[in-house]
Amino acid sequence: MEKIVMYPADIEKDAVNWKDAQGQHITAVRRNILVLGSGGREHALAWKLAQSDGAVVYIAPGNAGTAQVGINVNIKLSDFKAIKDFCIKQEIHLVVVGPEQPLVDGIVDFFKEDADLRGVNIIGPDRRGAQLEGSKAYAKDFMEKYGVPTAKCFKVNKDNLDEGYKFLESVNAPYVLKADGLAAGKGVLILNDLQEAKEELGKMLDGKFGAASATVVIEEFLKGIEVSVFVLTDGEHYVLLPEAKDYKRIGDGDTGLNTGGMGAVSPVPFCTPDFLDKVEQRIVKPTLKGLKAEGIDYKGFIFLGLMNDNGNPYVIEYNVRMGDPETEAVMTRIEGDFADLLDACADGRLDEVHYAKSNKTAVTVMLVSGGYPEAYKKGMVMSGLDSLKDVVAFHAGTTFDADNNVVTSGGRVIAVTAHCESIEEARGVAYREAEKIRFEGVNYRHDIGLDLMKMQ
């Protein structure tokens, strides 16, 4: 009988054969994995995948943090041919797509249609499946068609603007306006004044968010508490990954402008077994049934942005990838070989792989540049990273300068995650260590998780 094991990534050969002390034949295998993206989500994915047996992780293009857990590769996410050439040259086995844009642009279709890439597993939906995130109007039509609970809405363009005004007048404030297409997380407006909502609707249709807001979805405002639930599906089977709550506003107490996310907590106290059962029965299963009915072969993540309204889940939005900064909390709670789980997803055998999650709590605090989410400086030298302990610091917007110093390169800079027995303990550790990180203009919220502590 042959025994297959994985050996450390620093061994150069791709496979080596020998016999153990009992004379049993052994084959050691090296797995080459490519993560696409450059943010905190991709650092967290690469960090977790690097723990898989035999894994050698490449990140394109990566950042200063991903360079600590893998090998950065200078390839643009839009250059599918360069990605293909790299996969062939490095004998990549598994590709994990971090951000949504390559998925909406059809990178999975590109892989499926190229005979040279058929041996490469890729995690993510094809172009049609990616429309769940790529088009808010498509997603709302899909939810209505397959009975997924969501807010009442109206889809408006320049041809039916007057009807859009009438819909705004028919619902109560706040008024929710969403650009139909991808707008880098900035295409959603929540307004309290009806006249302002009408004016902003006109501006959006006139190109406030470019082509993304040529169509605008007006939604009835849902009241409750938001939560992010993550599904990994092979199109037939699924697992629920750890859920998380993120914090969008820049200031303490959920004040100020919306951001890409200032922190996250996982698990979420109100996500009881009863609530998650409702999520599965009312949302996950109808969504997967709908994808099959539409003939969409979906192998990847489905991010359910939910509103908990008195114990009942409603879908605010679908995303077709993991969230950020939620991933920076969630990955610390996933146990076992993550590459095995993703391979099983790509192969359609997700039901055959054991999956478990930690019962501990993860708290993530995002450190951002001064001025973010508006204008901010880049290139600020960072210090204190070498003194961190008891946390994982996931880099979101960092790079190296000419002197090999770690410097800021984005608005959201670094996510400090503690994984402890309780929210209170994890908060204490995360904030203790966050204080050690220094760069000009550093800013972060001080209340991540406080609201959830009151629910425990």
Side-chain angles (χ1 to χ4, degrees), residues 9-10 12 32-51 55-79 82-83 85-87 89-90 92 95-99 101-102 184 259-262 322 324-325 327-328 331-332 364-373 375-389 391-417 430 433-444:
D10 56 359
E12 293 182 359
N32 296 323
I33 301 170
L34 175 63
V35 176
L36 297 179
S38 60
R41 167 183 49 219
E42 288 75 36
H43 186 183
L45 289 167
W47 171 82
K48 186 61 184 174
L49 287 164
Q51 299 167 30
V56 179
V57 182
Y58 299 89
I59 310 94
N63 58 41
T66 58
Q68 300 169 8
V69 297
I71 303 165
N72 287 349
V73 184
N74 187 22
I75 299 177
K76 293 182 179 179
L77 298 183
S78 59
D79 194 343
I83 293 171
D85 292 343
F86 181 82
C87 287
K89 180 181 178 182
Q90 297 297 330
I92 297 297
V95 176
V96 183
V97 185
Q101 192 67 58
T259 73
M262 295 295 293
M322 291 295 289
D324 192 341
T327 306
E328 289 93 300
M331 284 298 131
T332 65
T364 296
V365 177
M366 181 69 74
L367 279 62
V368 303
S369 297
Y372 175 80
Y376 56 85
K377 295 180 181 179
K378 297 182 181 180
M380 304 296 105
V381 176
M382 301 177 66
S383 64
L385 297 175
D386 293 338
S387 64
L388 301 180
K389 62 180 182 178
V391 295
V392 185
F394 294 114
H395 292 229
T398 66
T399 189
F400 296 105
D401 66 11
D403 297 320
N404 211 37
N405 296 307
V406 177
V407 298
T408 66
S409 65
R412 292 191 300 163
V413 177
I414 198 163
V416 178
T417 299
E433 298 305 300
E435 291 177 0
K436 297 178 180 178
I437 300 175
R438 297 278 188 268
F439 57 89
E440 183 182 330
V442 60
N443 180 40
Y444 53 90

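Remember, predicted model here, so these are calculated numbers, not experimental data.
Residues Leu385 and Ile414 meet the side-chain proximity criterion, which asks for heavy atoms closer than 4.5 Å. Val407 is listed as a side-chain neighbour of Val381, based on a closest heavy-atom distance under 4.5 Å. Under the 4.5 Å side-chain criterion, counting only non-hydrogen atoms from C-beta, Leu77 is in contact with Pro99. Phe394 has its side chain within reach of Thr417: a pair of non-hydrogen atoms, C-beta onward, lies under 4.5 Å apart. At least one side-chain heavy atom of Val413 sits under 4.5 Å from a side-chain heavy atom of Met382. Counting heavy atoms from C-beta on, the side chains of Val416 and Ile437 come closer than 4.5 Å. Counting only heavy atoms from C-beta outward, the side chains of Lys436 and Lys389 approach each other to under 4.5 Å.
Here the shortest heavy-atom pairing between Gly40 and Asp324 reads N-OD2, 3.7 Å. Scanning both residues, Tyr376 and Gly410, for their nearest heavy atoms gives CE1-C, 3.3 Å. Tyr444 and Met262 make their closest contact through CA-CE, 4.2 Å (heavy atoms, listed as atom of the first residue, atom of the second, distance). Shown here for Ala415 and Thr364, the closest heavy-atom pair between the two residues is CB-CG2, 3.6 Å. The nearest pair of heavy atoms linking Gly62 to Ser38 is O-CB, 3.5 Å. Contact record, Asn32 with Gln90: ND2-O, 2.8 Å, taken as the closest heavy-atom pair.
In this structure a side-chain-to-backbone donor-acceptor pair under 3.5 Å is present from Arg41 to Met322. One N or O on the side chain of His43 and one on the backbone of His395 form a donor-acceptor pair closer than 3.5 Å. In this structure, Asp401 contributes its side chain and Asp403 its backbone to a donor-acceptor pair below 3.5 Å. In terms of modelled atom types and a separation under 3.5 Å, the side chain of Thr408 and the main chain of Met380 share a donor-acceptor contact. Between the side chain of Arg412 and the main chain of Gly261, a donor-acceptor pair closer than 3.5 Å is present.
Expressed to the nearest 0.5 Å, how far OG of Ser387 lies from CD of Glu433 amounts to 7.0 Å. Here OG1 of Thr399 is found 8.0 Å from CG of Asn63. Values are rounded to the nearest 0.5 Å. Here the straight-line distance linking atom CD1 of Ile59 with atom CD1 of Ile71 works out to 8.0 Å at 0.5 Å rounding. Ile83 contributes atom CD1, which lies 12.0 Å from atom NZ of Lys76 (distance to the nearest 0.5 angstrom).
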Start with the C-alpha distance between Tyr372 and Asn443, add both sets of side-chain angles, then the distance that settles side-chain contact (heavy atoms from CB on, under 4.5 Å), and finish with yes or no. CA-CA 9 Å; Tyr372 175 80; Asn443 180 40; over 6 Å; no
Could you walk me through whether Cys87 and Val95 satisfy the side-chain contact (heavy atoms from CB on, under 4.5 Å) test, starting with their C-alpha distance in whole Å, then the side-chain angles of each, then the deciding distance to 0.1 Å, before giving a yes or no? CA-CA 9 Å; Cys87 287; Val95 176; 3.9 Å; yes
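Screening Leu36, Val57, Leu45, Leu34 for a side chain to side chain contact (heavy atoms under 4.5 Å, CB included) with Val96, the sole residue that qualifies is Leu45.
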